[in-house]
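The block underneath contains the structure these notes are about, expressed in structure tokens.
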There are 2 protein chains.
Amino acid sequence: MRRKTETKRDAILNAATLEFTERGYEGASISAIVGRLGASKQTLYRYFPSKDELFVEVMARIIDRHVTTPREDLEDTADVPGSLQRHGERYLKIRLSPEMVSLARLVFGESGRSDVSRLLHPRGKLKVAKDIGRFLTAAMEEGRLRVADPAVAALHYLALLDAELFEPVVLRVREPAANDEIAAAVDRAVDAFLAGYGREGKHA
Amino acid sequence: MRRKTETKRDAILNAATLEFTERGYEGASISAIVGRLGASKQTLYRYFPSKDELFVEVMARIIDRHVTTPREDLEDTADVPGSLQRHGERYLKIRLSPEMVSLARLVFGESGRSDVSRLLHPRGKLKVAKDIGRFLTAAMEEGRLRVADPAVAALHYLALLDAELFEPVVLRVREPAANDEIAAAVDRAVDAFLAGYGREGKHA
DNA sequence: CCAATGTTAGACCGTACGGTACGGTTTGAC
DNA sequence: GTCAAACCGTACCGTACGGTCTAACATTGG
């Protein structure tokens with residue numbers, strides 16, 4: 001089988017993603033990964049030199065697959081509340097999806113031991129915060145928001161989005177969030193954000 | 001018959017705390033724990049029936065040691081901004097302490113596998129949120145804050161406190177936070193919170 | 001058809017783990 | 001002073017891991 005390697009590589013990464021997200025880094029076993037697709041360890045080690053590098057690539061793929069999505073919602077500075085609400089719902093739905101929740105557990109849990117978090121942060125949260133910051137800067141320049149540090153404002157906005165649901169879902173102290181719960185939480189977060197950062201006397 | 005056991009038990013828990021916070025649950029080894037105090041495995045297993053139960057008790061002790069502290073700042077409803085600022089600084093300083101940061105990594109990382117998060121959440125975050133909620137309720141009833149759902153407001157307040165520093169510190173994408181950085185971040189968080197939840201036209 | 005290459009299955013190596021067993025020693029209560 | 005409980009040190013058991021290696025099989029290009 002001289003044929004190309006890309007699809008096999010993908011299959012390995014998919015199986016590895018399952019295993020890592022279910023069992024964590026240490027808990028995941030190479031044998032279990034190859035067992036999931038009927039491949040052999042030899043083959044896996046032909047594509048990836050070690051468990052560590054396989055792990056890093058799995059994480060990077062999860063982030064890249066999910067983080068690019070909700071940018072187009074941040075263009076209409078004429079309707080700040082609407083844009084934030086749309087973006088917030090899309091963002092939080094992704095953030096609370098099973099794959100991203102598993103990713104959060106992994107990256108938090110391994111951040112003491114590994115440097116994977118330092119690798120992934122610029123491609124994940126930092127990127128999102130930068131997009132928000134640009135949007136908020138534009139809105140401030142147009143006088144639609146109170147003038148403030150847009151970087152801090154972006155972090156405050158993201159924190160408010162996470163406030164009600166993220167931690168309980170990740171820690172499994174509540175069931176996964178339904179879509180209407182997400183929308184309601186985003187609504188309250190956007191309200192609080194605009195009350196704090198909107199122009200004086202104006203609400204959402 | 002040989003004497004008491006409480007100090008030995010404490011010594012084991014201290015060594016276990018070190019080992020778990022440094023290496024995570026799977027990475028920690030019983031042999032290393034007993035090696036830290038020159039004890040023997042037999043002795044450890046006389047005090048704790050398994051690695052799992054030892055782990056749970058270590059986590060519970062960390063929480064109980066740290067979480068009770070900053071309640072007394074939440075009594076003076078006459079000075080809401082000052083109370084929040086004082087409480088916020090104390091809270092965030094604890095939250096960003098090395099032991100609590102390690103705890104966050106542990107509880108997030110193990111929340112997929114173990115039920116320890118469900119056990120600890122009521123003694124940790126939930127308790128803090130309840131205290132804040134009571135304080136906010138009182139402040140609302142006295143007309144010092146806009147009337148809103150105090151539970152949501154408490155979560156928003158806590159999220160704003162975490163917004164700038166918590167994640168970067170836990171993920172080690174920045175150095176640990178200095179006291180003046182913490183105070184400044186709390187200041188911005190309290191400002192944003194009061195701008196959103198204060199009475200109309202009133203700022204901090 | 002052949003040679004080269006990719007593949008699978010599984011044995012194998014060294015290591016480390018959680019947990020138990022055992023012999024010998026120290027400690028305290030009586 | 002006696003005796004039982006607690007202790008240490010270490011060997012041990014069974015298992016599982018990451019990673020390497022061998023050997024048979026499948027698929028391609030020429």
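The sequence lines fix the lettering, A, B, ..., with proteins before strands; numbering per chain opens at 1.
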Heavy-atom side-chain proximity of [X] to [Y] below 4.5 angstrom:
X: B:Leu18; Y: B:Ile33; value: no
X: B:Tyr91; Y: B:Val186; value: no
X: A:Thr17; Y: A:Ile62; value: yes
X: B:Leu103; Y: B:Thr21; value: no

To the nearest Å, give me how far apart [atom1] ([X]) and [atom2] ([N]) are.
X: A:Tyr45; N: D:dT22; atom1: OH; atom2: C1'; result: 17 Å
X: B:Glu26; N: D:dG18; atom1: CD; atom2: P; result: 11 Å
X: B:Phe48; N: C:dT20; atom1: CZ; atom2: P; result: 15 Å
X: A:Leu44; N: C:dG6; atom1: CG; atom2: C1'; result: 15 Å
X: A:Glu6; N: C:dG6; atom1: CD; atom2: C1'; result: 16 Å
X: A:Lys51; N: D:dA16; atom1: NZ; atom2: P; result: 15 Å
X: A:Ile33; N: D:dC17; atom1: CD1; atom2: P; result: 11 Å
X: A:Ile30; N: C:dA9; atom1: CD1; atom2: P; result: 16 Å

Under 3.5 Å, is there an N or O donor on one side and an acceptor on the other linking the side chain of A:Lys41 and the base of D:dG19?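 Side chain to base: pair found, below 3.5 Å.
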
Quick check: any donor-acceptor pair below 3.5 Å linking the side-chain of B:Gln42 to the base of D:dT10?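 Between D:dT10 and B:Gln42, which were checked side chain against base, a qualifying N/O pair under 3.5 Å is absent.
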
What's the separation between atom CZ in B:Arg105 and atom CD in A:Glu110, rounded to the nearest 0.5 Å?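 It is 11.0 Å, given to the nearest 0.5 Å.
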
Base, sugar-phosphate alone, or nothing: which one does A:Thr43 contact when heavy atoms must sit under 4.0 Å apart?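 Answer is base: heavy atoms of A:Thr43 come under 4.0 Å of a base.
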
Base, sugar-phosphate alone, or nothing: which one does A:Ala32 contact when heavy atoms must sit under 4.0 Å apart?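 Nothing, no heavy atom under 4.0 Å.
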
Nearest atoms (heavy-atom pairs only) where B:Lys125 meets B:Arg95: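 Answer, listing the atom of B:Lys125 first, then B:Arg95: NZ-NH2, 3.7 Å.
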
So if I take every side-chain heavy atom of A:Arg46 and compare against C:dG18, C:dT7, C:dT8, which nucleotide ends up nearest?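 Among C:dG18, C:dT7, C:dT8, the one nearest the side chain of A:Arg46 is C:dT7.
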
Taking only the side-chain nitrogens and oxygens of [X], find out if one of them lies under 4.0 Å from OP1 or OP2 of [N].
X: B:Tyr47; N: D:dC7; result: yes
X: B:Ser40; N: D:dG9; result: no
X: A:Lys8; N: C:dT8; result: yes

Measure the angle between the two terminal helix axes of the helix from C:dC1-D:dG30 to C:dC30-D:dG1, five base pairs each, and quote it to 10°.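 Here the local axes at opposite ends form an angle of 10°.
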
Quick one: does NZ or CZ of A:Lys51 land under 6.0 Å from the six-membered ring centre of A:Phe20, within 45 degrees of the ring axis?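 No, A:Lys51 does not sit over the ring of A:Phe20.
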
